[in-house]
Amino acid sequence: QVQVVESGGDLVHPGGSLRLSCAASGSIFEIYAMGWYRQAPGKQRDLVARIFSGGTTNYADSVKGRFTISRDNANDTVYLQMNNLKPEDTAVYYCFANKLGYVSWGQGTQVTVSS
């Protein structure tokens, strides 16, 4: 019932920046959290950042101080500003949207950090 579309992945050099966007559509009412997981080849999918409808955020320790998650005024699009990117940030980033008892996932967007 909820469609999640993300974009913004790219190839960047170490120290560069990217901004990911994630738009939810369809039955968007009562979405209480949105954010991103990421998965590198051969590794588990880990939570990167999450923002709740009330504005509370949380981040993986590995990205604190470098990544910032935010939302637009309509609360149907969120952004992940990624600064000072490192090669270890290379992964497919998957946006998610949480409703009570229901999680929707985006298709994934590739972020590659390489010199």
Side-chain angles (χ1 to χ4, degrees):
Q1 297 182 41
V2 176
Q3 293 78 48
V4 180
V5 179
E6 59 190 301
S7 62
D10 207 348
L11 171 66
V12 297
H13 292 166
S17 297
L18 286 172
R19 189 175 76 160
L20 305 183
S21 299
C22 178
S25 62
S27 182
I28 63 173
F29 302 104
E30 298 181 345
I31 293 175
Y32 69 87
M34 294 181 67
W36 279 267
Y37 279 73
R38 68 184 181 187
Q39 187 169 31
K43 296 187 176 181
Q44 67 183 18
R45 185 176 296 188
D46 293 325
L47 179 67
V48 178
R50 176 169 52 194
I51 185 166
F52 292 89
S53 60
T56 301
T57 60
N58 54 49
Y59 299 90
D61 287 342
S62 59
V63 307
K64 287 181 179 177
R66 299 189 297 119
F67 291 10
T68 303
I69 189 168
S70 61
R71 62 181 179 177
D72 70 1
N73 292 332
N75 293 328
D76 58 0
T77 302
V78 297
Y79 305 95
L80 185 67
Q81 180 66 45
M82 305 186 294
N83 297 326
N84 192 24
L85 283 160
K86 303 176 179 180
E88 51 263 44
D89 296 318
T90 296
V92 177
Y93 286 68
Y94 297 91
C95 184
F96 68 89
N98 276 123
K99 299 177 75 174
L100 184 62
Y102 189 95
V103 181
S104 298
W105 292 92
Q107 79 284 359
T109 186
Q110 176 71 49
V111 172
T112 302
V113 185
S114 176
S115 60

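- Note: Ser21 OG to Leu80 CG = 9.5 Å, rounded to the nearest 0.5 Å.
- For the side chain to side chain donor-acceptor pair (under 3.5 Å) condition, the pairs that include at least one residue of residues 3-15, sequence neighbours left out, are Glu6-Trp36.
- The distance from the OG atom of Ser27 to the NZ atom of Lys99 is 3.0 Å, given to the nearest 0.5 Å.
- Taking CG of Leu18 as the reference point, atom CG of Leu11 lies at 9.0 Å (rounded to 0.5 Å).
- At a threshold of 4.5 Å between non-hydrogen side-chain atoms, the residues Ile69 and Phe67 do not count as touching.
- Annotation for Gln1: atom CD does not count as buried by contact number, only 12 or fewer foreign heavy atoms lying within 6.0 Å.
- Tested against Ile31, the residues Val4, Val2, Asn98 include a single side-chain contact (heavy atoms from CB on, under 4.5 Å) partner, Val2.
- Residues Tyr59 and Thr68 are in side-chain contact: their nearest non-hydrogen atoms beyond the backbone lie under 4.5 Å apart.
- Within the model, atoms CG of Asp89 and OG1 of Thr112 stand 11.0 Å from one another, a figure rounded to the nearest 0.5 Å.
- One distance of note links OG1 of Thr57 with CZ of Arg50; it measures 10.5 Å at 0.5 Å rounding.
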- Query: Leu20 and Met82: side chain to side chain contact (heavy atoms under 4.5 Å, CB included), yes or no, with the steps?
  - Reply: CA-CA 8 Å; Leu20 305 183; Met82 305 186 294; 3.7 Å; yes

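- In terms of the ring-ring contact (aromatic ring centres under 6.0 Å, His included) criterion, residue partners of Tyr37 (sequence neighbours excluded) are, by chain and number, Phe96, Trp105.
- Taking CD1 of Ile28 as the reference point, atom CG of Asp76 lies at 4.5 Å (rounded to 0.5 Å).
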